[in-house]
Participant: 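Structure provided below as structure tokens; questions to follow.
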Amino acid sequence: MAPQVLTILGSTGSIGVSTLDVVARHPEQFQVYALTGATQLDKLHDQCLAFAPRFAVVLDDGAAEVLRARLKASGSETEVLCGEAALEAVASATIVTAVMAAIVGAAGMRPTLAAARAGKRVLLANKETLVLAGRLFMDEVTRCGATLLPIDSEHNAIFQVLPRAYREAPYASTLRDAGLKRILLTASGGPFRTRSLDTLAQVTPEEAVRHPNWSMGRKISVDSASMMNKGLEVIEARWLFNADVDEIAVLVHPQSVVHSMVEYVDGSVLAQLGAPDMRIPIAYGMAYPARIDSGVASLDLFSVGRLDFEAPDLARFPCLRLAFDALRAGGAATAVLNAANEVAVAAFLDCGLDYPGIPALIESVLGDCVGQTRADSLDALMDADVLARERAHAWLARRH
Ligand code: NAD
Ligand code: MG
């Protein structure tokens, strides 16, 4: 079979590195066309030497010059480009067959959309694309004949246990008509699941990014601690699987072994289990519908011992409630939620905002922007994103 030709958007991040690990295990099946990164130019340089992509893309001219000089000195033939147009170009180039969308945040939306519009196999890690523009993105996937494979571990699990016809064309019917009752989305509960509530105001960024089971980028690690990550994933599931908000339930499962489940109308519950290692969903997406070695060791259920489940505590995790509220509100509310969350998390990581300030900021911005935003076009959604960021920065300025 002809090898897949891959562009990896965000190759220097946690998902990007895991993707290259899988590529390196199957050099005959995957070729790298382009790698991209915003910072960590040393890492990008080393990746270019190891995988010899045709292009490397960075944010601006300054970074491009630095990387170009270093690559030249190392004897690499990789060409260096920069800017958003270049990201879109390497995501949609004719020769590319698959695009790993692993840029973090709303910054990943346009290149991911470009890949979908070019009809690529889109390996979707960037959940923010669906939170910001879910309906529009799914419409473009269908219209342009792209193949969408969820990489987020929960959604990848759900995809694996759905009927094949439904998972490949979820908008051709409904969950009910496909014999399904509910999606059961599991959540680890993060590092603060049992921490006493009156100490949450003292949480530091280092504590928040120390996830008990998964090793991930800093933004998603904070989102996991606040359970905003699960809120974003509920919204992601709504769009990926054409599910109503009431057809999605969240279960806290501290071991992170059951990656998610679906319940069929006959009462059967199907789950996908595995070690908490993103190379499993990445390898699944890259080889689908075949299966390849991901490099992950067998799951040792004897050492796991037990699987626990509990209901999420919305008083402890107000961000989860806010995400459900935004999804129910519809329109551009989830775009506002996403933008406010990005500003809040960045301020928290910068020590400009305390941990309880994250939901406080988001709730205030959601209230502010409701009724002032529209969702009928990409431009309208981007306007909502910009407005929410402005309001969020104004809120932070008032706090100081
Ligand atoms: P990360 O912070 O480790 O990496 C992010 C990548 O995006 C880096 O390559 C960075 O250089 C690039 N980037 C950052 N800002 C950019 C910008 N403005 N323009 C262009 N590129 C930019 O993040 P991650 O943990 O790898 O997560 C990536 C995405 O995958 C996120 O959307 C996250 O929610 C999702 N995801 C991650 C995991 C995980 O285990 N890490 C699991 C599920 C979903
Ligand atoms: Mg996830």
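Sequential numbering from 1 along the given sequence is applied to the chain's residues. Everything numeric in this text was worked out from a predicted model, so none of it was measured. Each ligand, and each atom within it, is numbered from 1 in the order the structure gives.
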Participant: What do you reckon, is CZ of Arg306 surrounded by more than 12 foreign heavy atoms closer than 6.0 Å?
Facilitator: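 Open: at most 12 neighbouring heavy atoms sit under 6.0 Å from CZ of Arg306.
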Participant: Decide salt bridge (Lys or Arg N to Asp or Glu O under 4.0 Å) for Arg110 and Glu88; before the verdict, give the C-alpha distance in whole Å, the side-chain angles of both, and the deciding distance to 0.1 Å.
Facilitator: CA-CA 7 Å; Arg110 283 187 189 274; Glu88 291 184 33; 5.2 Å; no
Participant: Considering Arg110, Lys127, Met216 one by one, which has a heavy atom nearer to atom 34 (O) of ligand 1 than any of the others?
Facilitator: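 Answer by nearest heavy atom: Lys127.
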Participant: Just need the protein heavy atom nearest to atom 4 (O) of ligand 1, so name the residue and atom and give the distance.
Facilitator: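 Checked against all protein heavy atoms, atom 4 (O) of ligand 1 sits closest to Gly13 CA, 3.1 Å.
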Participant: Any sub-3.5 Å donor-acceptor pair from Asp293's side-chain atoms to Arg25's backbone N or O?
Facilitator: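 Answer holds: no.
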Participant: Restricting to N, O or S, what is the name of the atom of Glu154 that lies nearest the Mg ion (ligand 2)?
Facilitator: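 Closest to the Mg ion (ligand 2) among those atoms: OE1.
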Participant: From the N, O or S atoms in Asp152, identify the one nearest to the Mg ion (ligand 2).
Facilitator: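 Closest N, O or S atom of Asp152 to the Mg ion (ligand 2): OD1.
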Participant: What do you reckon, does Ala102 put a non-hydrogen atom under 4.0 Å from ligand 1?
Facilitator: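 Right, Ala102 reaches ligand 1.
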Participant: Between Ser268 (side chain only) and Tyr264 (backbone N and O only), is there a donor and an acceptor less than 3.5 Å apart?
Facilitator: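 Here the side-chain-to-backbone pair does not exist.
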Participant: What is the name of the N/O/S atom of Glu233 that is nearest to the Mg ion (ligand 2)?
Facilitator: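 Within Glu233, restricted to N, O or S, the Mg ion (ligand 2) is closest to atom OE2.
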Participant: Can you classify the ring geometry of Tyr288 versus Tyr284 as parallel (below 30°), tilted (30 to 60°) or perpendicular (above 60°)?
Facilitator: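 Plane angle between 30° and 60°, so tilted.
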Participant: Quick check, are the ring centers of Tyr166 and Phe241 under 6.0 angstrom apart?
Facilitator: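 Distance test on ring centres: not under 6.0 Å, no.
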Participant: Tell me which protein heavy atom sits closest to atom 43 (C) of ligand 1, plus the residue, atom name and distance to 0.1 Å.
Facilitator: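 Of every protein heavy atom, Asp152 OD1, 3.1 Å lies nearest to atom 43 (C) of ligand 1.
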Participant: Nearest to atom 32 (O) of ligand 1, what protein heavy atom do you find, and at what distance?
Facilitator: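 Nearest neighbour among protein heavy atoms for atom 32 (O) of ligand 1, to 0.1 Å: Glu128 OE1, 2.7 Å.
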